[in-house]
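Heads up: the structure comes next, in structure tokens.
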Amino acid sequence: MIIVFMGPPGAGKGTQAQILQENLRIPKLSTGDMLRAAIAAGSEVGKVAEELMKNGNLVPDEVVVGIIKERISQQDCANGFILDGFPRTINQAQALDKMLKDNNLIVDKVICLELDAEIIVARQAGRRVAPKSGCVYHLEHNPPKVAGKCDVSGEELMQRDDDKADVVRHRLGIYDNTVKPILEYYDEQGLLNKVAGDQTVDQVKQQIMSIIEQK
Ligand code: ADP
Ligand code: ADP
């Protein structure tokens, strides 16, 4: 099963992809997490991505497509995977289909989480992340068991540089300018499922599970 999560920054993609990863036992592949890891490691990809990400701009298609191509060829992706934050441009969507086709695979479901701009900015202000485990928390809506520490890894939680309100608004603008053709592309193939993101984490999860269970 290959599942694509779409939606504006802060819609809950990472949170839901993490829950689905545990339920379906297939890995969540977050290009944002992979790029942040590349920056932390000081790799070539990290050097290209750093300034762009800090300012909320997209990393070039060939860079993210390369990362995903390499990642999905690994053994733990053999039974499927969940894409969180990829594709983000129509070029990336087409590149994904091409690499899947080369392996006789297709995207099975696309889930787009929808959320209004005001809620997004408020959510991002409270977001805290665990860089190593990839877990996402919120100071009010989804706090960790011990303040400031990840439930899974125990590592110190941090706030992302690009979660400041002005950068969030810029990222939101980019999303609005790029998302339409991708949604149309998946809708034409009958793959698109929209889910309202302004429900509790558990309600969103229930709706996603019923979409996954549909044939
Ligand atoms: P969010 O969870 O808030 O939507 P992500 O962690 O997915 O944010 O992405 C953070 C940043 O990483 C983006 O603003 C962009 O700079 C970069 N990025 C992540 N995925 C992609 C992608 N598929 N294409 C281009 N840039 C990406
Ligand atoms: P995305 O990956 O789409 O950028 P995240 O999963 O990182 O979104 O969620 C953004 C912030 O909102 C995080 O702090 C997360 O804990 C919180 N969050 C996620 N889902 C919900 C929800 N349904 N209700 C309230 N807060 C949520």
Side-chain angles (χ1 to χ4, degrees), residues 4-21 28-39 45-46 48-69 71 82-96 111-116 119-131 133-144 150-151 157-165 167-179 182 195-208:
V4 170
F5 269 100
M6 295 188 56
K13 303 180 294 296
T15 301
Q16 296 297 332
Q18 180 81 29
I19 294 172
L20 208 52
Q21 153 171 283
K28 153 194 152 184
L29 315 183
S30 158
T31 39
D33 288 349
M34 292 181 213
L35 291 166
R36 280 185 288 275
I39 293 172
V45 165
V48 175
E50 189 161 18
E51 202 58 25
L52 291 166
M53 284 179 76
K54 201 172 127 207
N55 296 317
N57 291 314
L58 293 182
V59 173
D61 287 340
E62 60 274 21
V63 174
V64 275
V65 168
I67 294 180
I68 285 293
K69 195 168 188 179
R71 183 65 188 83
I82 303 157
L83 290 168
D84 160 23
F86 180 94
R88 257 180 162 95
T89 64
I90 189 73
N91 272 339
Q92 292 178 17
Q94 287 164 345
L96 173 66
I111 295 164
C112 183
L113 298 175
E114 298 186 306
L115 199 63
D116 289 342
I119 308 180
I120 290 172
V121 176
R123 268 200 195 175
Q124 299 300 61
R127 171 155 71 178
R128 295 294 179 274
V129 297
S133 69
C135 294
V136 187
Y137 300 90
H138 192 280
L139 293 180
E140 287 162 46
H141 308 302
N142 185 23
C150 177
D151 294 350
L157 300 183
M158 55 165 283
Q159 185 167 22
R160 281 170 39 179
D161 273 353
D162 60 350
D163 274 348
K164 296 184 207 111
V167 184
V168 170
R169 287 202 186 86
H170 179 66
R171 288 160 59 206
L172 205 51
I174 293 180
Y175 177 80
D176 287 340
N177 288 335
T178 48
V179 71
I182 315 177
V195 175
D198 61 345
Q199 314 179 74
T200 66
V201 171
D202 202 51
Q203 285 167 331
V204 176
K205 176 193 126 183
Q206 299 297 344
Q207 288 195 6
I208 292 173

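We count ligands from 1, going down the list as the structure has it; atoms in each ligand are counted the same way.
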> Looking at atom 24 (N) of ligand 1, what's its closest protein heavy atom, distance included?
Replying inline: Gln92 NE2, 2.9 Å
>> Just to confirm my output: which protein heavy-atom neighbour is closest to atom 10 (C) of ligand 1, and how far is it?
In response: Arg160 NH2, 3.5 Å
> For ligand 1, which atoms have a heavy atom of Pro9 less than 4.0 angstrom away?
Replying inline: 3 (O), 4 (O)
>> For atom 18 (N) of ligand 1, which of the options Leu35, Val64, Thr31 provides the nearest non-hydrogen atom?
In response: Leu35
> Which ligand 1 atoms, with their elements, are less than 4.0 angstrom from a heavy-atom of Arg36?
Replying inline: 6 (O), 10 (C)
> ligand 2 versus Pro8, non-hydrogen atoms closer than 4.0 Å: side chain, backbone, both, neither?
Replying inline: backbone
> If you measure from each non-hydrogen atom of His170 to ligand 1, which part falls under 4.0 Å: side chain, backbone, both or neither?
Replying inline: neither
>> Starting from atom 1 (P) of ligand 1, what is the nearest protein heavy atom, named by residue and atom, and what distance separates them?
In response: Arg171 NH2, 3.4 Å
> If hydrogens are left out, which of Met6, Gln159, His138 has an atom nearest to atom 17 (C) of ligand 2, that is, the closest non-hydrogen atom?
Replying inline: His138
> Please state which protein non-hydrogen atom is closest to atom 9 (O) of ligand 1 and give its distance, to 0.1 Å?
Replying inline: Arg88 NH2, 3.4 Å
>> Is there a polar contact, in the sense of an N or O pair closer than 3.5 Å, between Phe86 and ligand 1?
In response: no
> So do the side chains of Arg88 and Asp61 get within less than 4.5 Å of each other, counting heavy atoms only?
Replying inline: no
>> Please list the nearest protein heavy atom to atom 22 (C) of ligand 2 with its residue and the distance rounded to 0.1 Å.
In response: Arg123 NH2, 3.2 Å
> Which protein heavy atom lies closest to atom 16 (O) of ligand 1, and at what distance to 0.1 Å?
Replying inline: Asn57 O, 2.6 Å
> Which residue and non-hydrogen atom of the protein lie closest to atom 7 (O) of ligand 2, and at what distance in Å?
Replying inline: Arg127 NH1, 2.6 Å
> Can you list the atoms of ligand 2 that are under 4.0 Å from a heavy atom of Lys13?
Replying inline: 1 (P), 2 (O), 3 (O), 4 (O), 6 (O), 8 (O)
> Can you tell me which residue and heavy atom of the protein come closest to atom 15 (C) of ligand 2, and the distance to 0.1 Å?
Replying inline: Thr15 OG1, 3.8 Å
> Can you tell which of Met53, Gln124, Lys54 gets a heavy atom nearest to atom 11 (C) of ligand 1?
Replying inline: Met53
> Can you tell me the protein heavy atom closest to atom 26 (N) of ligand 1 and the distance?
Replying inline: Val59 N, 3.1 Å
